[in-house]
Amino acid sequence: MQKYIIEPIKELKGEIEVDGAKNGILPILAASLLSTEPCVIHRVPSLKDVSVMLEIIRHVGAKVERNANSLNITVPEIKDSEAPYKYVSQMRSSFDVMGPLLARTGLARVPLPGGCAIGERPIDLHLKGFKALGAEVEFGHGFVQAKADKLVGADIYLDFPSVGATKNIMMAATMAEGVTIIENAAKEPEIVDLAIFLNKMGAKISGSGTQTIRITGVDELKGCEHSTLPDRIEAGTFLIMGAMHKSNLLVKNVVPNHLKPVIAKLIECGVTIEEEGDDLRVINDGKINAVDITTLPYPGFPTDLQAPFMALLCLADGNSTILETVFENRFSHVSELNRMGAQIKIEGHSATIKGTTKLQSADVKATDLRAGAALVLAALAADGATTIHEIHHIDRGYNELEKKLRNLGISISRV
Ligand code: EPU
């Protein structure tokens, strides 16, 4: 088990670059299974989750060549319509391969993703979509299987704008007969990017980024070239890091439009955010106002930045509240932040944070990816060296974090 030892900093100055989006690249890798022709994808972050998805698509038949940050993926044939348990069990978004496998071969078998650190996370909406397209869905021996002689377009209403279900149904419907309409679809930028990628492959998708997505089925998809969009959650994490200190930090390679609620809340905290083209500058004098936050599906405040923002609010002047509405159990970082001297109380889905002037160094553990990011931010504002255990969670989603932080003069070591 590796751990981080992080020394606190007093002031934060310099530049930090954002990489391609983890949650953008994962469905795009799955979507490359839809064609026999090569897909070339640029700005691919080197993350644990990306390696897991590559193992899965290789297993089912993809040939993958890496050249620096670009991937060339060709899938001449699907050799196996079953995704192996040893990979799927590591990452819930492995389930993204279900739609493409079903669309390309009429059969997809994927182990049930099960519960995870941030809640049960069912897949009922994905399956509702596959069934509406004409697939027979069965469970057995820990697998979910979807099978169809042919898929036929349908009107599908999602009870909740699930990111995963929207992606999977969109991919499954690309080669269905006729028109599919997804109502109450997720509007996240990663959905829009996936639709752009699929349209480059020859799909006919309109309305992505709105609540109604329309997919007109085509006979086949071809290869294409694409660059992954910047990771808005990584960008948000760095902006929040800047806000926690006396700082003048340039966060590079950002789409400011994707971060509107985060920027708005940082400004409410008293932080200055300046737009400089594709970069955002965060300037603060070290003072932070208390604010209230409610996580929501996009374009609301992202649940993936709830934990990092909570680390910031630990240092605010006054009491803040955070209401988590997307996941039922995403407060595992609270006990760890409290070990560092934070004063956070949870009641149901709501956390009340009583601001303090200084956090204390301690031994803490990352319980999931974003909880881990919150602890890194808290460690930088502590009164001594903090040890963060179980950092494999952080490796899932932050590309070259140590290198990026060291460039800012931060002392961080992996042990
Ligand atoms: N849900 C259902 N039924 C379903 C699907 C989802 O009830 O069939 C519920 C979930 O249990 C959850 C809520 O809907 O309570 C949101 O789930 P959603 O499907 O929208 O999320 P996801 O696709 O599982 C993606 C990201 C998450 C991010 C959420 C919300 C990827 C790989 N994962 O998950 O990212 O938190 O959307 O924005 O894109 C992370 O990066 O740390 C992360 C967890």
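Order of listing sets the numbers, starting from 1, for every ligand and every atom in it.
Using cut-offs of 30° and 60° on the angle between ring planes, the pair Tyr398 and Phe238 is tilted.
Residues satisfying the salt bridge (Lys or Arg N to Asp or Glu O under 4.0 Å) test with Glu190, not counting sequence neighbours, are Arg232. The side-chain contact (heavy atoms from CB on, under 4.5 Å) check on Ala342 picks up Cys314, Leu337, Asn338, Ile344, Leu359, with sequence neighbours excluded.
Heavy atoms of Arg330 come nearer than 4.0 angstrom to ligand 1 in at least one pair. Distances shorter than 4.0 angstrom do not occur between any heavy atom of Ala186 and any atom of ligand 1. Using 4.0 Å as the threshold, Lys167 has a heavy atom nearer than that to some atom of ligand 1.
Here the shortest heavy-atom distance to atom 27 (C) of ligand 1, taken over Val163, Asp49, Thr295, Asp304, belongs to Asp304. Summarising the contacts of atom 26 (C) of ligand 1 with Ile191, Asn23, Asp159, the nearest heavy atom is found in Asn23.
For ligand 1, the atoms sitting less than 4.0 Å from at least one non-hydrogen atom of Val326 are 12 (C), 13 (C), 15 (O), 16 (C), numbered in the order shown with element in parentheses. Here is the list of ligand 1 atoms found below 4.0 Å of a heavy atom in Ser93: 32 (C). Taking a cut-off of under 4.0 Å to the non-hydrogen atoms of His126, the atoms of ligand 1 that pass are 8 (O). Taking every heavy atom of Arg92 and a limit of under 4.0 angstrom, the matching atoms of ligand 1 come to 24 (O). Distances below 4.0 Å separate heavy atoms of Lys22 from the following atoms of ligand 1: 40 (C), 41 (O). If you number the atoms of ligand 1 from 1 as listed, the ones under 4.0 Å from a heavy atom of Thr303 come out as 30 (C), 36 (O). Close contacts between ligand 1 and Phe160 involve ligand atoms 13 (C), 14 (O), 16 (C) [criterion: under 4.0 Å to a heavy atom]. Counting the atoms of ligand 1 from 1 in the order shown, those under 4.0 Å from a heavy atom of Leu125 are 3 (N), 4 (C), 8 (O).
The closest side-chain donor-acceptor pair between Ser46 and Glu400, if any, does not fall under 3.5 angstrom.
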Notebook entry, point to check: When you look at Asp292 and Thr321, which way does the side-chain hydrogen bond (donor to acceptor under 3.5 Å, both in side chains) test go after all the steps?
Noted result: CA-CA 5 Å; Asp292 297 332; Thr321 59; 3.0 Å; yes
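Residue contacts with ligand 1: Pro122 is placed with a nitrogen or oxygen under 3.5 Å of a nitrogen or oxygen of the ligand (distance criterion only). Considering backbone and side-chain N/O atoms, Leu26 never comes within less than 3.5 Å of an N/O atom of ligand 1.
A ring-centre distance under 6.0 Å is not found for Tyr87 and His59.
Applying the 6.0 Å contact sphere to CD of Glu220 captures no more than 12 heavy atoms from other residues, nucleotides or ligands.
Put simply, the side chain of Asn253 gets close to the backbone of Val18: a donor and an acceptor are under 3.5 Å apart. Side-chain N or O atoms of Thr228 include one that pairs as donor or acceptor with a backbone N or O of His42 at under 3.5 Å.
We find the CD1-NZ distance between Ile391 and Lys365 to be 15.0 Å, quoted to the nearest 0.5 Å.
Residue contacts with ligand 1 for Ser162 involve both N, CA, C or O and side-chain atoms from C-beta outward (heavy atoms, distance under 4.0 Å).
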